[in-house]
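Comments concern the structure below.
Order of the sequence lines sets the chain letters (A, B, ...), proteins ahead of strands, with each chain counted from 1.
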Number of protein chains: 2
Amino acid sequence: MPIPKAQSPTTDVVLRHWREAVPNDRLAHLVKDATRGLVRALTMRLAEHRVSFGHWAFLRILWETDGLTQRGLSLQAGVMEPTTFAAIKAMEKLGYVERRQKPSSRKNVYVFLTPAGRALKGKLVPFAEGVNDIAVRGIPAADVAVTRRTLLAMIENLAAEEAASQGATRRMPSTRHMGRLVAEAGNGTRRRGAQPNP
Amino acid sequence: MPIPKAQSPTTDVVLRHWREAVPNDRLAHLVKDATRGLVRALTMRLAEHRVSFGHWAFLRILWETDGLTQRGLSLQAGVMEPTTFAAIKAMEKLGYVERRQKPSSRKNVYVFLTPAGRALKGKLVPFAEGVNDIAVRGIPAADVAVTRRTLLAMIENLAAEEAASQGATRRMPSTRHMGRLVAEAGNGTRRRGAQPNP
DNA sequence: TTGATTTACTTAGGTCTCTAAGTAAAATCA
DNA sequence: TGATTTTACTTAGAGACCTAAGTAAATCAA
């Protein structure tokens with residue numbers, strides 16, 4: 001077998017070093033790479049039906065419970081409102097959902113599937129299941145179960161820890177935080193700070 | 001202490017529905033949420049030392065093997081060159097690395113740690129270990145081992161599958177792909193082709 | 001040795017997610 | 001009731017990652 005070319009580094013090289021010793025502090029990277037693989041596989045399949053990976057999560061919630069508010073969707077999806085907002089707006093343009101307001105409240109925006117959005121279910125769910133099958137192929141079901149349980153426990157542990165240290169010193173850095181630091185450090189002659197200099 | 005507010009949904013609500021039935025097709029989301037938790041925890045800690053999560057991966061490689069090219073770094077990190085490029089540029093401005101070219105080749109760019117960059121190791125590695133400890137707290141070591149092995153197998157399965165269907169129908173959609181679709185669908189008066197099913 | 005190909009770095013721009021900072025509407029309270 | 005707080009949606013903008021499309025240097029072929 002001639003082995004085509006070198007085949008994309010992205011999907012290939014990742015493997016290389018995971019096989020070797022995986023020190024204790026690298027669990028995060030392992031989990032992250034698994035995420036990338038799964039997201040990638042699903043993204044490629046979803047794209048065939050004009051659905052982005054970001055939309056997928058919301059579609060699935062809506063198939064289950066139509067007519068939620070954007071806030072409700074955010075909670076269910078476990079993402080922040082701006083994320084939901086952008087996704088729903090795009091999905092509205094694509095004709096998968098409708099945003100409606102009830103006369104009872106002009107504040108809330110309710111999201112409903114269109115027939116097109118609902119029709120996607122039959123096509124997309126099999127893809128997700130297919131990707132899942134590929135991912136766990138050859139892995140004992142028991143191991144998958146353990147993995148599932150372990151990941152859940154990890155999520156809980158981390159959330160608990162973050163909640164416990166609430167309001168304490170550590171917070172999630174602002175999106176501009178690093179940008180500012182880099183800009184400061186970079187602007188010639190690291191003298192003082194922050195010259196936005198014209 | 002009046003308990004600030006209701007505490008961020010991001011880190012909290014995620015848990016809610018994972019406890020309930022987790023259908024088979026949701027492994028991807030579970031893995032993704034675990035990634036988020038880990039990345040988040042590490043990001044917060046790294047920020048205290050002017051290091052972003054994106055830089056972390058490269059720093060760790062450089063502590064191990066100084067003087068790699070950007071390409072080499074990309075391979076080791078398992079990311080594409082533009083990602084590396086941006087990160088290294090920022091780290092250069094922050095004074096953690098230096099980019100140098102050897103007279104033997106004016107094409108390759110070699111990346112070297114500065115003393116400041118090297119000094120970070122002592123501070124940052126404990127953070128990573130700390131996050132790891134928090135994440136796996138209370139979980140049997142055997143389970144963590146199984147999880148590690150399972151995730152690795154999943155990564156391999158997915159990479160193998162993608163390699164197998166190389167050049168075939170499915171490819172990763174271009175970054176502009178969805179943007180175009182949304183724009184088309186959106187651009188006034190969904191008269192023509194915008195119909196969901198042609 | 002010249003032309004074609006490959007390699008390594010860059011630039012452009014897009015997705016997804018986030019924090020921060022509005023802006024209105026709704027709910028609560030004094 | 002009117003003033004204050006809370007809620008829900010928006011807008012802005014950044015970071016990490018990606019694909020696509022350069023550009024210049026190095027290597028290979030004829």
Walking DNA chain C from its 5' end, the first of Pro82(B) and Gly54(A) to be reached, judged by nearest nucleotide, is Pro82(B)
For Arg137(A), the side-chain hydrogen bond (donor to acceptor under 3.5 Å, both in side chains) test, sequence neighbours excluded, returns none
Does Thr35(B) reach the main-chain N or O of Val31(B) with its side chain, forming a donor-acceptor pair under 3.5 Å? yes
Picking from dC18(D), dC9(D), dC16(C), the nucleotide nearest the side-chain atoms of Arg71(A) would be dC9(D)
Using a heavy-atom cut-off of 4.0 Å across all strands, would you classify Thr69(A) as base, sugar-phosphate, or nothing? sugar-phosphate
Whole-Å distance, Arg170(A) CZ to dT19(C) C1', equals 18 Å
Among dC9(D), dC17(D), dC18(D), the one nearest any side-chain atom of Lys32(A) is dC17(D)
Here the distance between atom C1' of dA12(C) and atom CZ of Arg180(B), to the nearest Å, is 14 Å
Taken in chain and number order and not counting sequence neighbours, the residues that satisfy ring-ring contact (aromatic ring centres under 6.0 Å, His included) with Phe127(A) are His49(A)
Between CE of Met80(B) and C1' of dA12(C) the distance, given in whole Å, is 16 Å
The salt bridge (Lys or Arg N to Asp or Glu O under 4.0 Å) partners of Arg180(A) (sequence neighbours excluded) come to none
message: Any base atoms under 4.0 Å from Thr83(A), or only sugar-phosphate, or nothing? Heavy atoms, all strands.
response: base
Once hydrogens and angles are ignored, does a donor-acceptor distance under 3.5 Å link the base of dG13(C) to the side chain of Thr175(B)?
yes
Separation of dT17(C) atom P from Met178(B) atom CE, nearest Å, is 13 Å
Output a table of nitrogen or oxygen pairs between the protein and nucleotides 26-29 of chain D separated by less than 3.5 Å.
unit_1, atom_1, unit_2, atom_2, d
dA26(D), OP1, Arg106(B), N, 2.9

Here the distance between atom P of dC9(C) and atom CG of Leu75(B), to the nearest Å, is 10 Å
Sorted by chain and number, sequence neighbours left out, side-chain hydrogen bond (donor to acceptor under 3.5 Å, both in side chains) with Arg149(A) holds for Asp143(B)
Taken to the nearest whole Å, CD/Gln101(A) to C1'/dA25(C) is 10 Å
**Item:** Any donor-acceptor N/O pair, Arg45(A) side chain to Ala41(A) backbone, under 3.5 Å
**Value:** yes
Per nearest nucleotide of DNA chain C, the residue lying toward the 5' end, Arg176(A) or Tyr110(B), is Tyr110(B)
Would you classify Glu81(A) as touching base, sugar-phosphate or nothing, given that sugar-phosphate means primed atoms plus P, OP1 and OP2, and contacts are heavy atoms under 4.0 Å?
base
Hits for side-chain hydrogen bond (donor to acceptor under 3.5 Å, both in side chains) against Glu98(A), two or more places apart or cross-chain, chain-then-number order -> Arg100(A)
Per nearest nucleotide of DNA chain D, the residue lying toward the 5' end, Pro173(B) or Lys89(A), is Lys89(A)
